[in-house]
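Read through the structure below, which is laid out as structure tokens, and then see the notes.
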Number of protein chains: 2
Amino acid sequence: MSQARTLNDVAKHANVSPSTVSRILNGTASVSPDKRKSVEEAISLLGYRPNLMAQALAKGRSMTIGVVTQAISSPFYGETFVGIEQGLASSGYHPMFISGHWRAEEEREAVDILTSRRADALIILGGNLEDDYLLKMAESLPIVTVGRTVQGLEHQSINISQEDGAMLGMRHLLDLGHRRIAHISGPPSHRDAIERFTGYKNALAEYGIAYDPELVLEGNYQERAGLLATEQLLSRRTDVTAIFAANDQTAMGARLAMFRRGIRVPDDMSLIGFDDLFASGYTTPPLTTVRQPGEDMGLAAANMVFALLEGHRPKPPRLSASLIVRESTSRLRFA
Amino acid sequence: MSQARTLNDVAKHANVSPSTVSRILNGTASVSPDKRKSVEEAISLLGYRPNLMAQALAKGRSMTIGVVTQAISSPFYGETFVGIEQGLASSGYHPMFISGHWRAEEEREAVDILTSRRADALIILGGNLEDDYLLKMAESLPIVTVGRTVQGLEHQSINISQEDGAMLGMRHLLDLGHRRIAHISGPPSHRDAIERFTGYKNALAEYGIAYDPELVLEGNYQERAGLLATEQLLSRRTDVTAIFAANDQTAMGARLAMFRRGIRVPDDMSLIGFDDLFASGYTTPPLTTVRQPGEDMGLAAANMVFALLEGHRPKPPRLSASLIVRESTSRLRFA
DNA sequence: CTGAAAGCGCTTACAG
DNA sequence: CTGAAAGCGCTTACAG
């Protein structure tokens with residue numbers, strides 16, 4: 001193990017004081033050209049790299065933005081990660097992702113890990129942390145939430161209306177003539193899952209269609225649950241002509257269940273998802289879905305963090321869901 | 001912003017020296033029960049959380065494991081991330097992911113960021129960093145590579161034989177009677193893509209089939225390239241009965257191209273992928289593929305890091321590819 | 001078992 | 001423009 005060089009090594013080598021080296025490194029004061037030159041030479045000669053831990057301690061800034069995510073391999077959050085990465089790029093700040101797996105307790109641990117590391121700000125992606133907890137945190141640390149808006153922290157929240165998104169998808173189905181539309185929900189404990197379900201019911205009401213509880217099945221945002229729910233649905237109802245899945249992963253499971261029964265999509269049944277995962281453009285048939293701009297949300301979160309860090313009040317951009325019509329939905333053939 | 005409490009605050013509150021508090025925190029010496037008690041009370045009373053930055057500086061250990069990945073939203077690496085997370089869980093170490101996007105320069109930046117932060121070890125996932133560079137790094141820092149094995153660093157590399165994996169997939173196709181098998185490659189600059197291609201050719205040779213360059217198309221591991229390559233292939237050859245895609249994402253693109261042309265899978269054409277992404281079990285039809293145990297590889301990497309950190313020579317487990325037969329391949333109907 | 005002191009590698013008033 | 005000194009919040013020999 002070769003010893004890492006220190007600021008002091010550089011100073012000695014360049015015959016200046018550590019202070020001067022520090023000032024050059026930070027561009028924090030003007031320095032005579034010749035000293036600057038010899039310092040720069042010493043730096044490259046020694047291959048010096050500042051110790052971020054020491055800097056963090058001295059400056060009181062760790063240059064890390066903690067992001068508590070739910071699953072590091074989630075296809076939806078993955079797009080948000082990319083947005084955060086890009087938003088933070090070349091700012092000197094770097095994200096540190098810790099997974100909470102939708103369990104409030106684990107999420108609190110994630111927050112503890114991040115605050116122990118003195119993250120300069122936190123980005124909270126969805127999850128089940130209580131509003132009160134978040135509100136309290138926000139008093140001592142810049143935090144922005146993504147995919148949920150906290151009462152009293154609206155300007156630090158970036159979100160779309162899940163309900164509006166769901167209505168967008170439902171109206172599409174309704175306008176195509178579908179009336180018996182099933183819904184496979186997300187986890188009943190998830191805010192956004194509830195909102196999407198609400199959108200489903202509202203759209204039905206808007207079109208004057210009676211809500212039929214037998215048509216809604218509980219899922220959990222995972223493919224397998226979509227598959228199981230659809231099997232169950234198909235075995236007890238034969239009049240359903242379309243399914244509104246709570247997210248694309250659920251839709252994939254539903255798609256497979258239909259495939260197994262020889263039900264053609266969209267000829268025999270229409271299917272619509274939510275999120276617009278990258279992969280959804282490559283399913284067969286390509287999936288019609290409600291797009292949630294995950295990457296833009298991540299980007300916005302990064303920018304809001306910057307605003308907070310500079311003491312400004314962030315201005316969350318107005319982002320919204322949009323309908324992406326592909327090939328898994330079609331006009332009802334025979335009513 | 002409420003001030004974060006320090007070790008000193010706790011010490012004063014408990015009427016002991018900072019040293020004692022530190023020792024209690026680290027379990028580094030036995031302390032009288034009453035002092036321990038009052039210290040613990042002070043800690044919870046003040047809500048004290050140790051400053052990891054300060055600890056890192058004092059101990060010379062940051063407790064972070066740097067992982068240079070290529071894309072934070074990659075479905076394949078995502079599984080490896082999960083393995084790393086799990087492997088590191090409750091060890092006190094935490095991963096920090098930085099993306100290199102398969103560009104050596106960016107990857108080197110990622111390494112610099114991580115060493116500046118004094119990562120205690122590095123996990124390198126694939127990528128294009130030069131062997132020499134990695135070898136040099138390894139002299140001063142514990143590093144383990146995943147998905148590539150570096151000459152002279154074999155016991156710090158965890159990998160499967162991509163070539164063997166490809167042969168597994170090809171033999172499956174060959175045994176089903178297929179003879180005109182196309183290959184859509186990964187990026188020609190990727191080690192693993194080259195190995196998979198080699199496996200393709202070797203399998204052909206093994207079965208005494210002449211290699212036909214017109215049957216191999218260049219891809220880049222992305223869906224879109226798989227789609228385009230397949231369109232190209234289908235427009236110039238009508239005798240192909242199976243496609244071996246360099247990875248599952250490529251296979252998805254190929255699948256869509258076939259769908260567009262009304263080619264049934266596997267009735268008209270067989271399709272096989274590589275990786276076994278989680279989503280591949282939910283495509284229509286579910287995809288036959290060569291499984292690469294991404295999560296196990298991540299887990300193994302974490303364990304190898306521990307070994308290195310403890311000064312042991314890591315023993316990489318023997319992991320290998322396996323064939324997952326699902327429904328996208330079938331016996332050749334008519335020859 | 002416990003404390004005072006020095007040190008980890010930086011930064012930043014404070015002087016000049 | 002530049003240096004000496006103190007400090008960031010811990011840890012860890014060194015004494016006792």
Side-chain angles (χ1 to χ4, degrees), chain A residues 1-40 42-43 46-64 92 112-113 115-120, chain B residues 1-40 42-43 46-64 92 112 115-120 140:
Chain A
M1 308 270 174
S2 66
Q3 276 313 305
R5 321 310 309 240
T6 71
L7 214 181
N8 241 304
D9 297 334
V10 175
K12 277 186 200 135
H13 229 271
N15 257 307
V16 299
S17 74
S19 324
T20 298
V21 178
S22 172
R23 285 191 270 253
I24 289 177
L25 249 22
N26 294 291
T28 191
S30 42
V31 182
S32 76
D34 52 323
K35 298 215 173 192
R36 151 165 278 119
K37 185 154 172 294
S38 63
V39 166
E40 279 166 354
I43 287 176
L46 299 176
Y48 169 72
R49 313 229 87 234
N51 182 331
L52 241 299
M53 300 294 109
Q55 282 189 174
L57 187 57
K59 293 199 198 184
R61 289 188 303 149
S62 66
M63 301 308 283
T64 114
D112 285 347
I113 290 164
T115 53
S116 247
R117 288 170 179 264
R118 296 300 184 264
D120 296 318
Chain B
M1 307 267 175
S2 67
Q3 276 312 303
R5 322 309 309 238
T6 71
L7 214 180
N8 242 302
D9 296 334
V10 175
K12 277 186 201 136
H13 228 271
N15 258 307
V16 299
S17 73
S19 325
T20 298
V21 178
S22 172
R23 283 190 273 254
I24 289 177
L25 248 22
N26 294 291
T28 190
S30 40
V31 182
S32 76
D34 51 324
K35 299 215 172 193
R36 149 165 280 117
K37 184 152 173 294
S38 62
V39 165
E40 279 165 354
I43 287 176
L46 298 175
Y48 169 72
R49 312 229 88 234
N51 181 331
L52 240 301
M53 300 293 109
Q55 282 190 175
L57 187 59
K59 293 199 199 182
R61 288 187 304 150
S62 67
M63 301 308 282
T64 115
D112 285 348
T115 54
S116 246
R117 286 171 179 266
R118 296 299 184 267
D120 296 319
S140 58

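Proteins get letters first, then strands, A, B, ... in listed order; numbering begins at 1 in each.
Judged purely by distance below 3.5 Å, without hydrogens or angles, the side chains of B:S17 and B:T20 pair a donor atom with an acceptor atom. For the residue pair A:T6 / A:N8, no side-chain donor-acceptor distance below 3.5 Å is found, with atom types taken as modelled.
Taken together, the paired segments of DNA chain D that extend over three or more consecutive Watson-Crick or G-U pairs, each closer than 3.5 Å at both contacts, are C:1-3 with D:14-16, C:5-12 with D:5-12, C:14-16 with D:1-3.
Considering all non-hydrogen atoms of both residues, A:S116 and B:R49 come closest at OG-NH1, 3.4 Å. Nearest heavy atoms, B:R5 versus A:R118: O-NH2, 4.4 Å. Nearest heavy-atom pair, A:S62 versus B:M53, reported as atom, atom and distance to 0.1 Å: CB-SD, 4.1 Å. Contact detail for A:L25 and A:I43: the closest heavy-atom pair is CD1-CD1, 3.5 Å. Residues A:K59 and A:N26 approach most closely at NZ-OD1, 3.2 Å, considering heavy atoms. Nearest heavy atom pair, residue B:L7 against residue B:Y48, reads N-CE1, 3.4 Å.
Rounding to whole angstrom units, CG of residue A:N26 and P of D:dT2 are separated by 16 Å. The separation between B:I24 atom CD1 and D:dT12 atom C1' is 16 Å, rounded to whole Å. The nearest whole Å value for the distance from the CD1 atom in B:I43 to the P atom in D:dG9 is 16 Å. Residue A:L7 contributes atom CG, which lies 15 Å from atom C1' of D:dG7 at whole-angstrom precision. Rounded to a whole Å, the CZ atom of B:R36 is 14 Å from the C1' atom of C:dT2. Distance B:R117 CZ to C:dG9 P: 18 Å, rounded to the nearest Å. Between the C1' atom of C:dT11 and the CE atom of A:M63 lies a distance of 14 Å, rounded to the nearest Å. As a whole-Å value, the separation of A:L57 CG from C:dG9 P is 12 Å.
In this structure, A:T20 reaches the D:dG3 phosphate: one of its side-chain N or O atoms is under 4.0 Å from OP1 or OP2. The shortest distance between the side-chain N/O atoms of A:S32 and the OP1/OP2 oxygens of D:dT2 is below 4.0 Å.
Taking the side chain of A:K59 as heavy atoms from C-beta on, and the options D:dG3, C:dT11, D:dC10, the nearest nucleotide is C:dT11. Considering only side-chain atoms of B:A58, the nucleotide from C:dG3, C:dC1, D:dC10 that sits closest is D:dC10.
A:V16 has its side chain within reach of A:V39: a pair of non-hydrogen atoms, C-beta onward, lies under 4.5 Å apart. A 4.5 Å side-chain heavy-atom check between A:R117 and A:T64 finds every atom pair outside the cut-off.
With C1' as the reference atom, C:dG16 and C:dT12 are 16 Å apart, rounded to whole Å.
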Please list, pair by pair, any protein nitrogen or oxygen found under 3.5 Å from a nitrogen or oxygen in nucleotides 4-6 of chain D.
unit_1: D:dA4; atom_1: N6; unit_2: A:S19; atom_2: OG; d: 2.8

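Considering CG of A:D120 and OG1 of A:T115, their distance stands at 12.0 Å, rounded to 0.5 Å. Atom CG in A:D34 sits 9.0 Å away from atom NZ in A:K37 (nearest 0.5 Å).
Base contact: B:S22 has a heavy atom under 4.0 Å from a base atom.
Proximity of residues 46-56 of chain B to DNA chain C (heavy atom under 4.0 angstrom from any strand atom) is not detected for any residue.
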